[in-house]
Every structure is written in C-alpha cells, then in structure tokens.
Amino acid sequence: RVGNRTQIINRGNNRPPIYPPALLHQRIEGTVLLELHISPEGNVTRAVILRSSGQPMFDAAAVNAAQTWQGEPAVIDGDPVETIETQEVI
C-alpha cells in the first residue's frame, strides 16, 4: 500500500455495478468492501472482496464493475506506482 488512500478516485467514467434484478424486485440492498489493485496506468487489475454483502449476486456485480474501473494512481517522486486501495460499493 502506498499512503493511506482508501478510495479509488472516480474520473466520472466508472460505471456502477448492475443491480441484480432479482434483488431489486425483492428490495434487497447490500454493501461490498473491495480491495482494488490499481496499476501505474490507473486501471483496476484485481478486485478482492474484503467484506461480503451477504448476497453473492451483489458481490459478483461489485467485482465485475470494479474490474472495468479506472482511477488515479498514486505518485512517488513524480512517477505513478501500483497501489492497493479499498472501496465500498453500495
């Protein structure tokens, strides 16, 4: 980990997870805590569930969306570096 960043910086292009229709119909909600591996280019290269929502469909939707996200990489001495950050997904 680099620094104490705890949230991927959204550039406005990151799509939210697709709400599972079966859970939407039942009005079930959930929150997933993900560990995101951010490349020096700002791409999420890996998403790991740190805290499950308790609903496998929510968890899968959060991971699938996060793997398409792009964030702002950390910079050390002027060079972007790989980081591991956490992101809560609702």
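In this structure Pro56 satisfies the side-chain contact (heavy atoms from CB on, under 4.5 Å) test with no other residue, sequence neighbours excluded. With sequence neighbours left out, the side-chain hydrogen bond (donor to acceptor under 3.5 Å, both in side chains) criterion links Thr45 to no other residue. Listed by chain and number, the residues in a side-chain hydrogen bond (donor to acceptor under 3.5 Å, both in side chains) with Thr31 amount to none (sequence neighbours excluded). Under the rule for a side-chain contact (heavy atoms from CB on, under 4.5 Å), the partners of Ala47 that lie at least two apart in sequence or sit in another chain are Leu36, Val63, Ala66, Gln67. Taking the side-chain contact (heavy atoms from CB on, under 4.5 Å) definition, one finds that Pro16 meets it with nothing, sequence neighbours left out. Qualifying side-chain contact (heavy atoms from CB on, under 4.5 Å) partners for Ala62, counting only residues two or more places apart in sequence or in other chains: Val32, Leu34, Val89. Partners of Asn43 under the side-chain hydrogen bond (donor to acceptor under 3.5 Å, both in side chains) rule, at least two apart in sequence or in another chain, are Gln70.
Interatomic distance, Ser53 OG to Leu33 CG, rounded to the nearest 0.5 Å: 11.5 Å. The CD atom of Glu85 sits 5.0 Å away from the CD1 atom of Ile38 when rounded to the nearest 0.5 Å. Here OG1 of Thr83 is found 10.5 Å from CD of Glu72. Values are rounded to the nearest 0.5 Å.
In this structure, Gly42 and Pro73 approach most closely via the heavy-atom pair CA-CD, 3.9 Å. The heavy-atom pair separating Trp69 from Arg15 by the smallest distance is NE1-O, 2.7 Å. For the pair Ala22 and Met57, the tightest heavy-atom approach, listed with the atom from each and the gap, is CB-CE, 4.3 Å.
Within the structure, no pair that satisfies the side chain to side chain donor-acceptor pair (under 3.5 Å) test touches residues 19-29, not counting sequence neighbours. The list of ring pair (Phe, Tyr, Trp, His ring centres under 6.0 Å) pairs with a residue in residues 28-47, not counting sequence neighbours, is empty. The salt bridge (charged side-chain N to carboxylate O under 4.0 Å, His left out) contacts involving residues 17-26 comprise nothing, where partners must be two or more places apart or lie in separate chains. Pairs passing the salt bridge (charged side-chain N to carboxylate O under 4.0 Å, His left out) check and including a residue from residues 47-57, sequence neighbours excluded, read Arg51-Glu88. Listed by first and then second residue, the salt bridge (charged side-chain N to carboxylate O under 4.0 Å, His left out) pairs involving residues 59-71 amount to none (not counting sequence neighbours).
No more than 12 heavy atoms of other residues, nucleotides or ligands sit less than 6.0 Å from atom CD1 of Ile18.
Using a 4.5 Å heavy-atom threshold, the side chains of Ser39 and Glu82 count as separate.
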